[in-house]
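First the proteins, then the strands, lettered A, B, ... as listed; each starts at 1. The figures that follow rest on heavy atoms only: side chains count, while hydrogens, waters and symmetry mates do not.
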Amino acid sequence: MKQGVKEIIETAVYEAREAGELTTDESSLPGIVVEQSKKEEFGDFSTNIAMLLTKSERRPPRDIAEKLAERIASSESVTKAEVAGPGFINIFLDRSFWVDLLERILSCKELYGTSSIGKGKKVQVEFVSANPTGPLHIGHGRGAAVGDALSRVLKAAGYDVTKEFYINDAGRQVYNLGESIKMRVDELEGKEVEFSENHYRGDYITDIAKEYCEALKKGGGSVPTAVEFGISAMKKWIEEDLKEFGIEFDNWFSEKSLDDDGLVVDTIEELKKKGLIYEKEGATWFKTEEYGDDKDRVLIKADGERTYFASDIAYHRDKMRRGFDTLVNIWGADHHGYEARVRALFRALGLDDSALKVIFIQLVALLRGGEPVAMGKRSGEFVTLKQVMDEVGADACRFFFLMRKSDAQLDFDLKLAKSQASENPVYYVQYCNARVNSIFSHAVEKGIAMPDDSELAGLADKFGPEEIRLIRHLGRFEEVIERSAREMEPHRVTFYLMELAGLFHPYYNRNRVVTDDTGTTAARLLLLKAVGTVASNGLRLLGVSTPEKM
RNA sequence: GCGCCUGUAGCUCAGUGGAUAGAGCAUCGGCCUCCGAAGCCGAGGGUCGGAGGUUCAAAUCCUCUCAGGCGCACCA
């Protein structure tokens, strides 16, 4: 959208150089910013180019700006170019520029905002990846909301995205799950049982134990072990919760399959050939320290069991072999110490570790009326994602998680989330669409047909400053998505939408859409259509619904 | 001790090296005879944790420092 403006500036620089007003060769210096002005008095777009040229030109920035502004102002779609502040050039555009944009939004519809900056790049986003030993809790919910929204944003930016859930169905934790189920079974049969620290004691274990007994009674050829039964029950449960949260994965990758397929042994063999494996005190070590880790890491313990890291090296090698250009791992912040050793693996295997991007989701501190709520699967008392969804709704829950950047800690006060339900910003944004729809039905009642997009050209003079202000903001949407994708920060979309709503609602209150003036009515209906389009495109990226009525 | 993250309005948080640092909530005062009041208008509220440095320009980059959170396993 701002491409056209950039060209105008480049032309001006070129002409100035031809005329001997500038000596600098580069027409595109690093750091040149062309952006929509923050304030209306600063015009439609601003550039800092004169300030950047001041060094090579050895002249005050305002001097350079004056010369350039003259040339910019002579461009066709520019009505005015002013020098302001320390040397900004503020560019005022003709109204038609914005009406053209509106037309483009309406013709692109649900594709407005998409781009192709990620074209041809395969990205895998791996998130949630919770142990199948208990229900998803609130922390998983935050990772899920961020991972899913990020995936959607990346897709919108043209990337080829695969969402993956790495299911930890091997090792100590799931063994404990199986044992916990068996103990509940024993208990159901009237035996005395004593649970240890490592056992899962939530009510859900008892439920699974009952189902397990049922399955055993039915018999059949192969009796599932408690571990397998427990994993599949938990996986199903997790899948259901995620579905209710609006998330479906493209792929569920089993940790156990890495063992079954021999990939763990295979990876260790590869490292061994590179001389990066050694034995010490009965254990097998991987020389990660040579590749930037704090210390070497154990792959196979003295007792013969492999570590979690052992399967993770096989997993990451496998991911890279699947041909992804970028691997996004979304982890809880308490795993940050783990990043160095995974990066070490990449380097050890001769892979480019810049392909790996780890996003840390900072802690969600769960509070109830200001008091911390103790969480922990083993203690059996925790607040699940499901419970929070039931209380505040999936939409509000997702929006809430996407209202801050992921590397900032988040206080989630249940009492507050509930009490704020009616004034949560999510409703403020959703209300845009509901309101637009409501106005449309009002127009229909009045016998006014929805004008066709093609009428826009003839309606240009019906757009005043208030309308242009809204369109200008609609124009920023593409940039927001691009940046959100590049920085991998989906929360930017959330803030953009809150700003959009913050412009639209006041506009509505000041201006009647359906009036006696046919032209004005048509122009405003089309504007609202575009607002509705952008609002719902944005909410879709967040995975938040857009109800027609609320 | 070492490492990662965070310190911005009373609270929760945005903020591309740019112009007078912004929202929401909370507080106070107004607005429904009129397309939805889940809304709108207005007011108050700031040493951007602190100190140096780089720069025409620093909340933003660098160094140091203070405070909080989290990690530093032959757990996952």
Margin query: Is there a side-chain contact between K38(A) and the phosphate of G15(B), meaning an N or O under 4.0 Å from OP1 or OP2?
Written below: no
Note to self: Within the 3.5 Å criterion, strictly below it, is a donor on T284(A) or E279(A) matched to an acceptor on the partner's side chain?
What the structure shows: yes
Note to self: Could you tell me how far C35(B) sits from C28(B) if I compare only their P atoms? Round to whole Å.
What the structure shows: 29 Å
Next item on the list: Sticking with atom P, work out how far C48(B) lies from A21(B), rounded to a whole angstrom.
Entry: 11 Å
Notebook entry, point to check: Any side-chain heavy-atom pair from F463(A) and T520(A) closer than 4.5 angstrom?
Noted result: no
Next item on the list: Could you check how far CG of N437(A) sits from P of G36(B), rounded to whole Å?
Entry: 11 Å
Checklist line | Cationic N near anionic O, under 4.0 Å, E305(A) to R172(A) | finding: yes
Note to self: Categorize N511(A) for me: base, sugar-phosphate, or nothing, with a 4.0 angstrom heavy-atom threshold over every strand shown.
What the structure shows: base
Check: N48(A) side chain: which of C35(B), G18(B), C75(B) is closest?
Finding: G18(B)
Check: Does the ring center of F45(A) lie less than 6.0 Å from the ring center of F92(A)?
Finding: no
Next item on the list: When you get a sec, tell me which of A37(B), G71(B), G18(B) is the closest nucleotide to the side chain of H336(A)?
Entry: G71(B)
Notebook entry, point to check: Between K67(A) and D63(A), is there a salt bridge with N-O shorter than 4.0 Å?
Noted result: no
Item checked: Side chain of M51(A) - closest among C56(B), U20(B), C75(B) -> C56(B)
Next item on the list: Find the distance R62(A):CZ to A57(B):P and express it as a whole number of Å.
Entry: 17 Å
Next item on the list: Work out which heavy atom in A144(A) is nearest to a heavy atom in V128(A); give both atom names and the distance.
Entry: CB-CG2, 3.6 Å
Next item on the list: Ignoring backbone atoms, establish whether K295(A) has a side-chain N or O less than 4.0 Å from OP1 or OP2 of C74(B).
Entry: yes
Check: With a 4.5 Å heavy-atom cut-off, do F88(A) and T47(A) have their side chains touching?
Finding: no
Notebook entry, point to check: Cation over ring, R435(A) on Y508(A), under 6.0 Å and within 45°?
Noted result: yes
Item checked: Closest contact, heavy atoms only, R347(A) versus G292(A) -> NH1-CA, 4.2 Å
Checklist line | Full working for side chain to side chain donor-acceptor pair (under 3.5 Å) between D312(A) and Y338(A) | finding: CA-CA 11 Å; D312(A) 223 21; Y338(A) 200 75; 3.1 Å; yes
Next item on the list: Send over the distance from I359(A) CD1 to C4(B) C1', rounded to a whole Å.
Entry: 15 Å
Notebook entry, point to check: Base, sugar-phosphate, or nothing: which does D294(A) touch, judged by heavy atoms less than 4.0 Å apart?
Noted result: nothing
Notebook entry, point to check: Are R476(A) and E499(A) close enough for a salt bridge, meaning some N to O gap below 4.0 Å?
Noted result: yes
Next item on the list: Provide, to the nearest angstrom, the distance between the CG atom belonging to D312(A) and the C1' atom belonging to A73(B).
Entry: 15 Å
Next item on the list: Check if the side chain of T494(A) and the base of A14(B) share a donor-acceptor pair of N or O atoms closer than 3.5 Å.
Entry: no
Margin query: Using heavy-atom distances to pick each residue's nearest nucleotide on RNA chain B, tell me which of F42(A) and T54(A) is more 5'.
Written below: F42(A)
Check: Looking for any heavy atom pair under 4.0 Å, which part of the strands does E482(A) touch: base, sugar-phosphate only, or nothing?
Finding: nothing
Any N/O pairs under 3.5 Å between the protein and nucleotides 29-34 of chain B? List them or say none.
unit_1, atom_1, unit_2, atom_2, d
C34(B), O2', R512(A), NH1, 2.6

Check: If you check the K301(A) side chain, which of A76(B), A37(B), A19(B) turns out closest?
Finding: A76(B)
Next item on the list: Report the residues that fulfil ring-ring contact (aromatic ring centres under 6.0 Å, His included) with F165(A), sequence neighbours left out, ordered by chain and then residue number.
Entry: F249(A), W252(A)
Item checked: Nearest-0.5 Å distance, CD of residue E179(A) to CZ of residue F195(A) -> 10.0 Å
Note to self: How many whole angstroms separate atom CD of E487(A) from atom C1' of U60(B)?
What the structure shows: 13 Å
Item checked: Syn or anti for C72(B) (syn when the glycosidic angle lies within 90° of 0) -> anti
Margin query: Does A37(B) have OP1 or OP2 under 4.0 Å away from a side-chain N or O of Y508(A)?
Written below: yes
Notebook entry, point to check: Which part of the nucleic acid, if any, lies within reach of S46(A) when heavy atoms closer than 4.0 Å are counted: base, sugar-phosphate only, or nothing?
Noted result: base
Next item on the list: Could you say whether G337(A) or A283(A) is positioned toward the 5' end of RNA chain B, judged by the nucleotide with the nearest heavy atom to each?
Entry: G337(A)
Margin query: Can you tell me how the ring of F253(A) sits relative to the ring of Y315(A), calling it parallel under 30°, perpendicular over 60° and tilted otherwise?
Written below: tilted
Next item on the list: Describe the nucleic acid contact of R492(A) in one word from base, sugar-phosphate, nothing, applying a heavy-atom distance below 4.0 Å.
Entry: sugar-phosphate
Notebook entry, point to check: Can you tell me how far C1' of U16(B) sits from OH of Y496(A), to the nearest Å?
Noted result: 17 Å
Checklist line | Base-pair map of RNA chain B as dot-bracket, where | denotes pairing with a different strand and pairs are Watson-Crick or G-U under 3.5 Å | finding: (((((((..((((....[...)))).(((((.......))))).....(((((..]....))))))))))))....
Notebook entry, point to check: Do R492(A) and E489(A) meet the salt-bridge criterion of a basic N to acidic O distance under 4.0 Å?
Noted result: yes
Check: Taking atom types as they are modelled, is there a donor-acceptor pair under 3.5 Å from the base of C74(B) to the side chain of E281(A)?
Finding: yes
Next item on the list: Output every pair passing side chain to side chain donor-acceptor pair (under 3.5 Å) with a member in residues 398-412 of chain A, not counting sequence neighbours, ordered by first then second residue.
Entry: D148(A)-R398(A)
Checklist line | Spacing of D407(A) atom CG relative to A14(B) atom C1', expressed in whole Å | finding: 13 Å
Note to self: Classify H491(A) by what it touches in the nucleic acid, base, sugar-phosphate, or nothing, heavy-atom distance under 4.0 Å.
What the structure shows: sugar-phosphate
Checklist line | Under-3.5 Å donor-acceptor pair between N90(A) side chain and A19(B) base | finding: yes
Note to self: Applying a 4.0 Å non-hydrogen cut-off, can you work out what F309(A) is touching in the nucleic acid: base, sugar-phosphate, or nothing?
What the structure shows: nothing
Item checked: Contact pattern, 5' to 3', of nucleotides 40-46 of chain B - B, S or - by protein heavy atom under 4.0 Å -> SS-----
Margin query: Under 4.0 Å, heavy atoms only, any strand: does D296(A) hit a base, just the sugar-phosphate, or nothing?
Written below: nothing
Note to self: For a 4.5 angstrom cut-off between non-hydrogen side-chain atoms, does L53(A) reach L68(A)?
What the structure shows: yes
Check: Can you check whether F360(A) stacks with the C4(B) base, using ring centres under 5.5 Å and planes within 30°?
Finding: no
Next item on the list: Calculate the interatomic distance between E35(A) atom CD and G18(B) atom P; express it in whole Å.
Entry: 7 Å
Note to self: Is there, by distance only and without an angle test, a donor paired with an acceptor across the side chain of H442(A) and the base of G36(B) below 3.5 Å?
What the structure shows: no
Notebook entry, point to check: Hey, does T307(A) reach any base, or is it just sugar-phosphate, or nothing, if we go heavy atoms under 4.0 Å?
Noted result: sugar-phosphate
Sort me out a list of protein N/O and nucleotides 10-13 of chain B N/O pairs below 3.5 Å, or just none if empty.
unit_1, atom_1, unit_2, atom_2, d
U12(B), O2', R404(A), NH1, 2.8
C13(B), OP1, Q409(A), O, 2.8
C13(B), O5', R404(A), NH1, 3.2

Notebook entry, point to check: So, are D517(A) and K462(A) salt-bridged, with charged N and O less than 4.0 Å apart?
Noted result: yes
Note to self: With rounding to the closest Å, how many angstrom separate the C1' atoms on U47(B) and A43(B)?
What the structure shows: 24 Å
Note to self: Classify A443(A) by what it touches in the nucleic acid, base, sugar-phosphate, or nothing, heavy-atom distance under 4.0 Å.
What the structure shows: nothing
